[in-house]
Amino acid sequence: MTSSLTDRAHFDALADALCNAEGVDRVSLAFNAEASDFLRFNRAALRQATHVLQAQATLGVVRGARRAEASLVLSGDLAHDTRRLRDERARLARDLDVIADDPYLLLPAAASLSTREDAGALPSAQTVIDAVREHAAALDFVGFYAGGPVVRAYADSLGSRHWHRVESFHFGWCVYRSADKAVKTAYAGTHWDDAVFAARVREAATRAGLLQRPPRRLQPGAYRAAFSPAAMSELLGALAWSGFSLKARRTGVSSLMQLAHGDARLHASLHLHEATAEGIAPAFTDDGFVKPASVTLIEGGCAIGTLNSPRSAREYFEAANGASPEELPEALSLGPGTLPHDQLLATLGTGLYVSNLWYLNYSDRQACRMTGMTRFACFWVEDGELAAPLDVMRFDDSFLRLFGQGLVGLTDRAELVPDTDTYQSRRLASITTPAAVVEGWRLTL
């Protein structure tokens with residue numbers, strides 16, 4: 001393979017060779033590629049270094065209401081890949097003779113064009129290794145870095161051409177104190193700054209020092225709490241599993257049914273959008289639909305819209321709005337509030353500072369009731385100061401109550417939290433959220 005896999009010219013050559021309809025009504029080509037560095041650290045030393053260059057093409061053919069598609073991993077040899085994809089296109093065209101009509105097939109009616117090329121200032125692998133050696137050598141530092149260009153593209157025989165190439169990185173790490181006591185921190189973006197990385201390592205080290213204090217043991221009950229943006233992203237991510245899906249709403253399995261029916265209401269300061277224009281996800285789907293810049297999901301605490309995939313849109317006679325087949329958000333954005341970001345702990349006063357959550361699930365989906373565990377460095381706060389680390393606790397509470405009558409406020413600065421999943425390939429999804437202070441967060445054990 002060659003580095004051309006992430007270049008526009010390589011994709012355009014494939015599209016020109018394949019997107020002509022011979023014996024079918026439509027041919028489409030969805031293209032994913034990346035050139036990523038993966039670095040794994042343990043005790044501030046490099047343990048694993050990998051560079052991944054890969055690309056995959058998904059070819060689709062349509063005749064009437066019948067559609068067939070297949071995905072192939074590309075070699076980077078343009079002539080070789082073109083031959084393989086042409087052979088696959090011919091096989092798919094033959095398969096259409098034995099495929100049943102799809103009553104919910106919906107595709108774009110006209111051609112569309114878009115281009116986004118975000119060139120970053122990414123560090124070399126050696127730069128990251130040197131930064132860890134310089135700033136974390138004295139720490140029990142465990143981390144994972146992923147960075148490089150990621151490409152999403154689409155073309156079809158109607159004349160559509162979409163190109164999305166973003167250069168970004170994500171570096172997540174833990175500074176361990178002992179046993180299960182650690183501080184988790186992350187640094188993500190498009191432009192590496194060694195000073196920012198160093199400052200975040202120092203902050204993590206300072207908080208790790210607080211973990212040597214005797215832990216505060218809490219009894220089950222309701223507590224005032226401050227959620228970091230990382231903790232908020234876990235809560236919003238769980239809400240997204242079914243909360244905004246058109247099909248989930250119409251079939252009655254959405255976790256936000258009470259909100260949709262007007263039986264519950266979130267705080268009036270809560271505004272939630274699928275903000276594609278503000279995130280890192282492409283502004284088009286694998287079927288060639290153009291995504292709106294923003295879809296309003298919750299406004300002033302009330303349910304407004306849903307994410308409508310083409311199939312659900314046709315099934316329920318609604319307009320498609322660029323949602324994936326799973327109808328999951330890819331650029332979920334919670335609007336900031338008015339609490340000064342640097343006054344989060346002062347606003348909390350006395351209560352819990354929650355840095356991370358995990359193992360989230362629904363204990364009662366119809367009531368939008370979630371359960372999960374605190375993780376890493378969560379602290380008891382007294383008079384706006386971190387006082388003592390907390391033992392791991394389980395919570396069980398309704399999102400509707402917590403961010404309805406329980407919401408004290410949101411901070412005035414939102415943070416983009418990228419999806420760090422690297423299974424099969426890096427993701428281009430994110431949640432943008434401020435921190436929050438709530439009253440009466442219910443811990444169970």
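Keep in mind that what you see is a predicted model, and the values were worked out from it rather than measured.
With hydrogens and angles disregarded, no donor-acceptor distance shorter than 3.5 Å links the side chain of Glu34 to the backbone of Gln54. Side-chain N or O atoms of Thr371 include one that pairs as donor or acceptor with a backbone N or O of Phe395 at under 3.5 Å. Panel note: side chain Arg427, backbone Tyr423; a donor-acceptor pair is recorded below 3.5 Å. Ser228 places a side-chain N or O within 3.5 Å of a backbone atom of Ser355 that can act as its donor or acceptor partner. Of the possible donor and acceptor atoms, none in the side chain of Tyr145 sits under 3.5 Å from a partner among the backbone N and O of Phe169. Arg265 places a side-chain N or O within 3.5 Å of a backbone atom of Gly300 that can act as its donor or acceptor partner. In this structure, the side chain of Arg89 does not engage the main chain of Val27 through any donor-acceptor pair within 3.5 Å. Asp7 places no side-chain N or O within donor-acceptor distance of the main-chain N or O of Ala9, the cut-off being under 3.5 Å. Side-chain atoms of Glu327 come within 3.5 Å of backbone N or O of Leu246 as a donor-acceptor pair. Judged purely by atom type and a 3.5 angstrom limit, Asn42 has no side-chain atom pairing as donor or acceptor with the backbone of Ala45.
Under 4.0 Å is where a charged nitrogen must lie from a carboxylate oxygen, and between Asp81 and Arg84 at least one such pair does. Look at Arg165 and Glu167 and you find a salt bridge, because one of the NZ, NE, NH1 or NH2 atoms lies within 4.0 Å of a carboxylate O, short of that distance. Ionic pairing of Glu203 and Arg200 is not present here: no N-O contact between side-chain nitrogen and carboxylate oxygen is shorter than 4.0 angstrom. A salt bridge is absent between Glu117 and Arg8: the closest approach of a Lys/Arg side-chain nitrogen to an acidic carboxylate oxygen does not fall below 4.0 angstrom. Between Arg250 and Glu315 no salt bridge is recorded (no basic side-chain N to carboxylate O distance below 4.0 Å).
Aromatic rings from Trp173 and Tyr187 are positioned such that their centres are separated by 6.0 Å or more. Between Phe11 and Phe31, the distance from one ring center to the other falls under 6.0 angstrom.
A 4.5 Å side-chain heavy-atom check between His162 and Ser112 finds at least one atom pair inside the cut-off. For the pair Thr285/Tyr154, no side-chain contact is recorded, criterion being any heavy-atom separation below 4.5 Å from C-beta on. Taking the side chain as every heavy atom from C-beta outward, Gln56 and Thr58 approach each other to under 4.5 Å. Looking at heavy atoms from C-beta onward, Leu85 lies in side-chain contact with Leu74 at the 4.5 angstrom threshold. Counting only heavy atoms from C-beta outward, the side chains of Leu236 and Phe399 approach each other to under 4.5 Å. You'll find the side chain of Val62 reaches within 4.5 Å of the side chain of Leu105, heavy atoms only. The shortest side-chain heavy-atom distance between Tyr316 and Thr251 falls under the 4.5 Å cut-off. Pro292 places none of its side-chain heavy atoms less than 4.5 Å from the side chain of Thr276.
Counting all heavy atoms, side chain and backbone alike, Ala208 lies closest to Val175 at CB-CG1, 3.8 Å. Annotation for Leu106 and Ala320: closest pair CD2-CB, 4.4 Å, computed over non-hydrogen atoms. When all heavy atoms are compared, the tightest approach of Val183 to Ala377 is CG2-CB, 3.5 Å. Minimum heavy-atom separation, Gly243 to Ser254: O-OG, 3.2 Å. Taking each heavy atom of Leu307 and Pro329 in turn, the nearest pair found is CD1-N, 3.5 Å. Leu239 and Phe244 get closest at one heavy-atom pair: CD2-CZ, 3.7 Å.
Annotation: Arg91, atom CZ; neighbour count of heavy atoms from other residues, nucleotides and ligands within 6.0 Å is above 12.
The distance from atom CG of Asn321 to atom CG of Asn308, rounded to the nearest 0.5 Å, is 4.0 Å. Atom CG of Leu18 and atom OG of Ser157 lie 11.0 Å apart (nearest 0.5 Å). From Leu402, atom CG reaches atom CZ of Phe227 across 5.0 Å, with rounding to the nearest 0.5 Å. Taken from CG in Leu270 to CD in Glu299, the straight-line distance is 9.5 Å, to the nearest 0.5 Å. Once rounded to the nearest 0.5 Å, the distance linking OG1 of Thr433 with CD of Glu234 reads 11.5 Å. Atom CG in Leu416 sits 4.0 Å away from atom OG1 in Thr432 (nearest 0.5 Å).
When only modelled atom types and interatomic distance are considered, Ser333 and His273 share no side-chain donor-acceptor pair under 3.5 Å. Checked by atom type, the side-chain pair Ser36/Arg426 shows a donor-acceptor distance below 3.5 Å. Of the N and O atoms on the side chains of Glu326 and Ser324, at least one donor lies less than 3.5 Å from an acceptor on the other residue. Residues Thr127 and Ser124 have side chains that bring a donor and an acceptor to within less than 3.5 angstrom of each other.
Tested against Arg63, the residues Asp25, Asp97, Asp95 include a single salt bridge (charged side-chain N to carboxylate O under 4.0 Å, His left out) partner, Asp97. For the side-chain hydrogen bond (donor to acceptor under 3.5 Å, both in side chains) with Asp102, the lone residue among Arg311, Arg66, Arg67 that qualifies is Arg311.
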Item checked: side-chain contact (heavy atoms from CB on, under 4.5 Å) evaluation trace for Leu72 with Leu59 -> CA-CA 8 Å; Leu72 284 77; Leu59 193 65; 5.8 Å; no
Next item on the list: Determine, stepwise, if the pair Glu134 / Phe197 fulfils side-chain contact (heavy atoms from CB on, under 4.5 Å).
Entry: CA-CA 11 Å; Glu134 179 180 356; Phe197 172 70; over 6 Å; no
Check: Yes or no on side-chain contact (heavy atoms from CB on, under 4.5 Å) for Ser269 and Leu407, after CA distance, side-chain angles and deciding distance?
Finding: CA-CA 9 Å; Ser269 66; Leu407 181 62; 3.7 Å; yes
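Aromatic ring pairs are classed by plane angle as parallel below 30°, tilted from 30° to 60° and perpendicular above 60°; the pair Phe41 and Phe171 is tilted.
Residues passing the ring pair (Phe, Tyr, Trp, His ring centres under 6.0 Å) test with Tyr176: none are found, sequence neighbours excluded.
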